[in-house]
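In what follows, every chain begins at residue 1, and chains take the letters A, B, ... in the order their sequences are listed. Fair warning: this is a prediction, and the values are worked out from it, not measured in the lab.
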Amino acid sequence: MKSQFFKDVYEVVKLIPKGRVTSYGSIAKYLGTTKSARVVGWAMNNSHVLKGIPAHRVVNRIGLLTGKNHFSSPNKMEELLNNEGIKVKDDRIKNFKKLFWEPINELDL
DNA sequence: ACACTGACCACTG
DNA sequence: CCAGTGGCCAGTG
């Protein structure tokens with residue numbers, strides 16, 4: 001497929017440092033527009049067929065694990081995050097603000 | 001080719 | 001503060 005968006009999304013997601021998280025919207029914003037956030041979600045949906053895509057580090061804007069339902073197991077995402085030292089309480093990332101990794105700031109176009 | 005859906009976000013009332 | 005609506009892109013029936 002010639003979806004540059006997907007490709008870019010994967011690139012950014014793969015660049016997320018261990019122990020950090022980001023949001024669909026931020027990735028979308030980094031790629032040009034916040035309104036394409038839905039496509040980022042789509043990319044994640046397809047990411048499960050690929051490897052090296054830490055989709056568990058990508059959550060929605062408030063740090064809610066909205067996509068955990070799409071993992072192998074609903075608690076897999078939480079476990080992976082815990083494995084990286086990220087605390088998750090009630091499907092929400094604790095200290096999200098601090099762990100937040102914004103591509104625009106970190107990669108700085 | 002058309003319509004609907006989806007792991008979202010921001011704006012408006 | 002909560003609810004509703006629009007916008008974007010790709011995939012599926």
Considering all heavy atoms of both residues, which atom of A/Leu64 and which atom of A/Val59 are nearest to each other, and what is their separation?
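Between these two residues, the closest heavy atoms are O-CB, 3.5 Å.
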Looking only at non-hydrogen atoms, find the nearest pair between A/Lys14 and A/Ile53 and report the distance.
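Of all heavy-atom pairs spanning A/Lys14 and A/Ile53, the closest is CG-CD1, 4.0 Å.
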Take the protein atom [atom1] of [X] and the nucleotide atom [atom2] of [N], then report the distance between them rounded to whole Å.
X	N	atom1	atom2	answer
A/Lys7	C/dC9	NZ	P	18 Å
A/Ile27	B/dA7	CD1	P	16 Å
A/Trp42	B/dG6	CH2	P	10 Å
A/Asn46	B/dT5	CG	P	19 Å
A/Tyr10	B/dA7	OH	C1'	12 Å
A/Met77	B/dA7	CE	P	13 Å
A/Phe5	C/dG7	CZ	P	17 Å

Listed by chain and number, what are the side chain to side chain donor-acceptor pair (under 3.5 Å) partners of A/Asp91, not counting sequence neighbours?
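With neighbours one apart ignored, the set is A/Lys68.
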With sequence neighbours left out, write down each residue that passes side chain to side chain donor-acceptor pair (under 3.5 Å) with A/Ser23, or none if nothing qualifies.
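Only A/Ser26 meet the side chain to side chain donor-acceptor pair (under 3.5 Å) criterion with A/Ser23.
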How would you label the contact of A/Ala55 with the nucleic acid (heavy atoms, under 4.0 Å): base, sugar-phosphate, or nothing?
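Counting heavy atoms under 4.0 Å across all strands, the contact made by A/Ala55 includes a base.
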Pairs under 3.5 Å (N/O, protein and nucleotides 2-5 of chain C):
none

Pairwise distance NE2(A/His70) to CG(A/Leu65) - rounded to 0.5 angstrom:
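With rounding to 0.5 Å, NE2 (A/His70) is 12.5 Å from CG (A/Leu65).
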CH2 of A/Trp101 to CG of A/Asn105: how many Å apart, nearest 0.5 Å?
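One gets 10.0 Å once the value is rounded to the nearest 0.5 Å.
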Considering Watson-Crick and G-U wobble pairs with both distances under 3.5 Å, what does C/dG13 pair with?
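Paired with C/dG13, as far as the under-3.5 Å criterion goes, is B/dC2.
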Considering only the P atoms, how many Å lie between C/dT5 and B/dC4, rounded to the nearest integer?
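My reading of the P atoms in C/dT5 and B/dC4 gives 16 Å.
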Can you run down the salt bridge (charged side-chain N to carboxylate O under 4.0 Å, His left out) pairs that involve residues 78-90 of chain A, sequence neighbours left out, and say none if there aren't any?
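Sorted result for residues 78-90 of chain A: A/Arg57-A/Glu84.
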Not counting sequence neighbours, which residues clear ring pair (Phe, Tyr, Trp, His ring centres under 6.0 Å) with A/Phe100? List them please.
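A/Phe100: ring pair (Phe, Tyr, Trp, His ring centres under 6.0 Å) contacts with A/Phe96.
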Donor-acceptor contact present, side-chain A/Tyr10 to main-chain A/Ala43, <3.5 Å:
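Between the backbone of A/Ala43 and the side chain of A/Tyr10 there is a qualifying donor-acceptor contact (under 3.5 Å).
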Quick tally for nucleotides 8-13 of chain B: nucleotides whose base has a protein heavy atom under 4.0 Å get B, sugar-phosphate-only ones S, the rest -, giving BSS---
